[in-house]
Amino acid sequence: MDTQRRRYKKNPGSGTEGYLNQLRLSTLYFSRLAASGNRFEIGVEVALAGKFDDIVMHLLDVDQYCLVQAKHKQDESKRIIMDDLLKTTTEYSLPKYFDSFLLLKQEGMFQGERLKYIVIYTNLKVDENVMKVIKPVEPATDEFLRTLNVRCRGKESSLYRFNTECTDFIEQLIDRISPICEVARKLAEQLIQRKKISINPNGIFHEFHALLVRDVFDIERQLFRETFLADDKRICPYVKKFRFLLERTLRSILKCDDFNINDLNRTIVSGKLKLLFEPGFLCKPINQDIAVKDWKDYRVQREEVIHFFDHLLLATDQPNFIELEAITKVEVFGLKEQVDEYMRAVFDQVDRWIRDTEGQFLNGNDWERICSNSRARIAGKKWLLKSEEYQKSNPATGYVFERNTLLAPIEQFLATSKNHNMLVLAAYNAEVSASRVLQALMTLQEQFVVFDAHFHDFEELECCTLFLKNMSRKVIVIVSNDKCCRSAIRNVWHKFNVLTNLKAIYIACDVQKEFFSENIKYVHCDRFELCDMSQKSRQKLLDKKIVLQHREVRLTDLLSEEIALRLLDMEFISQLLMNQVDPIAYSFKYQCQLKGQYFARKLASNNSVVDETEFDQLLTNNRAVILSNVPGMGKTTFLQKFIDRLFTTLPDHVICLMHLKFYTETLEEITKLNASTLSVEDAVKHVTKCFFAAGTRFGQVLFRNAILNTGKLIVLVDGYDSVINRYRISVEKASQLFLQHPFRMRNLLIATRPHETDHLRAALPQARIVSLLPFDEPQCVAFLTRWWNFDSHSAAVNLLQYLRSRYTDWIVGNPFQIKLLAEIYEEDKTIIANFGALLERYLEKQFYESNQRAIQVMGIGQQRMAAETLKQAAHDGHCEVAALLTFHPEQTIDMSKFGFLLDIGLVVLENNLLRFEHRLFRDYFAAEALMQGKTVAYGSEQLRQILEDQHNGYLSKLLMYHLGKTKNAHYREHFRNFTVNQGHRITSGSR
């Protein structure tokens, strides 16, 4: 506190509730006076203020005082009644406040016109009788009234003056405040308590001795004078007033409204009351030469009461301390961020001022200082918390760099007195360098605060600046992360650059260097290695988990510490420290799983049958495996499920699942390489570029480590049969290369179709050939039931039995076939009974699926051409092949002409011989070729033999189906004799 301020003696404080009320009310008055712009002083518990000591306000320019006595009651249901104002023993006693007012007028500080208002402040209301003697005051008349006027919602808070025209009330008050009232009260107490009336100089009876002996007491009889009791008309009116006051007091104390003062002597004689005198009172002589005050001299004049009322204000129904806090929060502190902390900070400083044993008047400058200190305190708390929060939230915190290359530059910077700013340029991540800077400061035992430079708005930046201005002997560390733009960094720089009371270390990425002022002379580039870390921190870092193909794997399971020291550079270390390693994936998500549950498969290998578990074990003894199956057997789905099992059983392995049809462009690059002259480095470089270029660099490093160091690499290749021949040759050469030393691949599995197996077997003679077996009966039933979402298996069982009885060997448990049949049955159940229509609908669906696959192989740009030409070409090709196999089996089929049909899946190549997968498909297309007369002449003997052969029953049925179509009506004449002679009827092709 400033020693120039006026000091005063303080009274002891009030109780808890009264103190809380005083704290909030004095803060509100303090704020209002400061906002008025007038010069002022304010004090609390001022001893010279008498009964109005709670709050003293002084306007210096007009040299006037306003004194406030604040009364707070917890029970607000009570009302201030007339007796509370007139009695001398109540908290709202006007006689008591009148006496204090007289004393105030004698104090030099309040003499003259300096005392403007004395105020009784209370949260209670007044009753209707009191309302009759008071009148409201207009609060806008002067500064004191505007300060005193506190409005509260739900209350009728008002300032009142006492009405000087209420004569009866004034007379009652005069009776109460005049000394004769005190004499009457004391005399009544002596009578009832049987105490002697003393002549003690300090007693009330000493000054009134002559008047009492002359007009009231009969000393000889030691009773009251009869003339006094009888209300003799000859006695002085002021003696009558005394008689009235004595009678009223006795009635009150005796609680007897019927008591009559005329009977007072008889009551004394009866012994109910006693009038006793000390000898000194009886013997004291009366000096007739000395002028004695008469009764009228001891009665307060009306003018004195009017003067008292001119200064007295009654503030009723005012806010209690809880409501006052809410009003103060809104009016003084505003509804801003951290208003509660700001209010508490101001209250704390006002509280210390109130509780200080030595009183001092405060002024407007003190209010500004209190507010400024409070804002600085809030800002300090906020930014210290932000500093702690930043350190806790920074993932790089806790990793100790035993060899910290920042230690020497920072120590040198702190030792210089000229440079106040230092810029540390982070290699990749500012948060990592921030952690290293803080470790260096802790090693140097320097105090610091740290936060990022991303301020949400200008007000927040101002708040931080206020906090920094009040700091001393500390280092501030400002981290500019990726969220900070040029303007944000420039704003921070211009605000903090002028602060010379501290050292500032800015941390930014190298690309943000230009954002900072060129005036920073001290710039250091942060560089570090994994070996700089302590052994414990290195182990902690390598124990981190990364997402490798949708599973979490510890880094230490993929990299040994020795290899990690060699492979992990600053970029990888920063990503690991900040938990910013992107998920690593080596597989293209192309699979389309069967609808519903996956069914475990059986596989055939070397004339033996193995389940999936045995197949997984088979890979431990066979580095290369070829999965050979016709289309639709579920190779792709099996591979996806297989890789899921590998993720579980071999979590530390790099597992790549690739479908070659998505890498046709990159395969072109591989075909240009010479495997015999390719170096190891170039081989790894090219395979990484071709297949993992879209992945993260960290993923590429792990792949390189797996294929060269750990051998924890499994490659699954699908779609070998979906690429052109020269790409297949490139895959074969790459497979041969990476299965040789020095490459360390654990397993290579290639999925293909049977007609491509011989090429792979020749390239990879060590490969084990396995094939998926069809669904068994229970699996077919379960699949159909789940597809249709039926509760019972009966529908599936009945359908399968009907199809097998009607179409012989067609139903073989092929998953793709079961899926198409399920869709057809779901779309149209009646079509199942139509022999030809069912096959035709099935072939349409199979061709559509195969066509979509062919479109993917041929490329997006050729889709329109494929859609228009591939269907017709495939249909014609199937018809021609079916006719050759059925009617001319001795002829050799030109595979160069019909090889593209293998991609559709209706025909397969087995032992270099082309055949239809199902006899029904061959008969369907052969019947159409027969109808068109392309391979057998109409009416020939060969045609008759074919149709009469019992083994060609399905061929005949399908021929009748084709002839039953309206579009084929012109072919019917060629076959009418045969159909009539054989008893067959041409069926309608309509569905």
Side-chain angles (χ1 to χ4, degrees), residues 6-12 29 33 40-71 85-122 133-135 137 141-145 147-148 159-167 169-183 202 204 207 293 296-315 359 361:
R6 281 203 302 156
R7 301 178 182 275
Y8 56 84
K9 183 180 178 181
K10 296 185 71 173
N11 284 333
Y29 288 170
L33 290 172
F40 70 93
E41 290 179 326
I42 187 170
V44 291
E45 304 294 350
V46 181
L48 290 177
K51 295 294 183 182
F52 301 92
D53 62 337
D54 285 346
I55 302 174
V56 174
M57 295 178 282
H58 179 205
L59 293 178
L60 298 175
D61 294 333
V62 294
D63 196 18
Q64 289 182 335
Y65 286 89
C66 177
L67 317 181
V68 180
Q69 173 64 28
K71 295 292 183 183
L85 298 177
L86 295 177
K87 287 185 177 181
T88 59
T89 56
T90 64
E91 289 187 292
Y92 303 99
S93 170
L94 291 181
K96 180 173 61 177
Y97 290 123
F98 178 78
D99 291 340
S100 180
F101 172 71
L102 295 179
L103 294 175
L104 288 173
K105 299 298 288 182
Q106 297 176 17
E107 292 292 342
M109 188 166 64
F110 305 120
Q111 286 182 352
E113 299 297 327
R114 291 181 174 179
L115 184 59
K116 184 68 177 291
Y117 297 115
I118 51 177
V119 184
I120 302 173
Y121 176 101
T122 179
V133 299
I134 58 178
K135 57 183 180 181
V137 177
T141 54
D142 63 27
E143 192 58 47
F144 280 138
L145 294 180
T147 302
L148 293 169
L159 297 175
Y160 296 99
R161 288 185 187 274
F162 284 92
N163 192 344
T164 56
E165 296 179 0
C166 295
T167 305
F169 175 70
I170 293 176
E171 287 299 320
Q172 293 181 58
L173 180 59
I174 291 174
D175 289 343
R176 300 287 183 144
I177 62 180
S178 297
I180 60 176
C181 182
E182 178 65 16
V183 175
N202 296 325
I204 189 68
E207 186 175 355
K293 289 184 178 181
K296 66 177 181 180
D297 298 324
Y298 289 103
R299 181 170 175 80
V300 173
Q301 300 300 309
R302 178 183 175 86
E303 290 73 14
E304 294 180 86
V305 176
I306 298 299
H307 185 56
F308 171 55
F309 282 171
D310 288 341
H311 293 78
L312 180 63
L313 296 176
L314 182 62
F361 281 104

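Ring planes of F52 and Y97: tilted class, angle from 30 to 60°. Between F101 and F308, the two ring planes are tilted [angle within 30° to 60°].
Around the NZ atom of K87, the shell of radius 6.0 Å holds no more than 12 heavy atoms that belong to other residues, nucleotides or ligands. Heavy-atom contacts from other residues, nucleotides or ligands closer than 6.0 Å to NZ of K71 number more than 12.
In plain terms, the two heavy atoms of K105 and L115 that are nearest each other are CD-CD2, 4.4 Å. The two residues G108 and R114 have their closest heavy-atom pair at O-NH1, 3.4 Å.
A 4.5 Å side-chain heavy-atom check between K116 and D142 finds at least one atom pair inside the cut-off. For the pair I118 and F110, the minimum side-chain heavy-atom distance is 4.5 Å or more. Side-chain contact between I170 and I306 is present, with heavy atoms from C-beta onward closer than 4.5 Å. Counting heavy atoms from C-beta outward, F309 and H307 have side chains that stay 4.5 Å or more apart. At least one side-chain heavy atom of M109 sits less than 4.5 Å from a side-chain heavy atom of R6. Contact check for L85 versus F162: side-chain heavy atoms found under the 4.5 Å cut-off. Two residues are said to be in side-chain contact when any heavy atoms from C-beta on lie closer than 4.5 Å; V56 and F361 meet this criterion. Annotation: side chain of L148 is in contact with side chain of V68 (closest heavy-atom distance under 4.5 Å).
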Q) Please walk me through it: do F40 and M57 pass side-chain contact (heavy atoms from CB on, under 4.5 Å)? A) CA-CA 7 Å; F40 70 93; M57 295 178 282; over 6 Å; no
Q.
Pair Y8, V44 - check side-chain contact (heavy atoms from CB on, under 4.5 Å), show working.
A. CA-CA 10 Å; Y8 56 84; V44 291; 4.1 Å; yes
Q: Might you work through the side-chain contact (heavy atoms from CB on, under 4.5 Å) test for L67 and D53, ending with a clear yes or no?
A: CA-CA 7 Å; L67 317 181; D53 62 337; over 6 Å; no
Q | Worked check of side-chain contact (heavy atoms from CB on, under 4.5 Å) between D63 and H58 | A | CA-CA 7 Å; D63 196 18; H58 179 205; 2.8 Å; yes
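To the nearest 0.5 angstrom, E182 atom CD is 7.0 Å from T88 atom OG1. From L60, atom CG reaches atom CD of E41 across 5.0 Å, with rounding to the nearest 0.5 Å. Distance check, rounded to the nearest 0.5 Å: CG of L312 to OH of Y160 gives 14.0 Å. In this structure, CG in D54 is found 9.0 Å from CG in N11, a value given to the nearest 0.5 Å. Atoms NZ and CZ, on K51 and F98 in that order, are 15.0 Å from each other to the nearest 0.5 Å. Summarising the geometry, atom OG1 belonging to T167 is positioned 4.5 Å from atom CZ belonging to R302; distances are rounded to the nearest 0.5 Å.
Judged by distance alone, the side chain of T147 and the main-chain N or O of E143 form a donor-acceptor pair under 3.5 Å. Of the possible donor and acceptor atoms, none in the side chain of S100 sits under 3.5 Å from a partner among the backbone N and O of G50. Judged purely by atom type and a 3.5 angstrom limit, Q111 uses its side chain to pair as donor or acceptor with the backbone of Q106.
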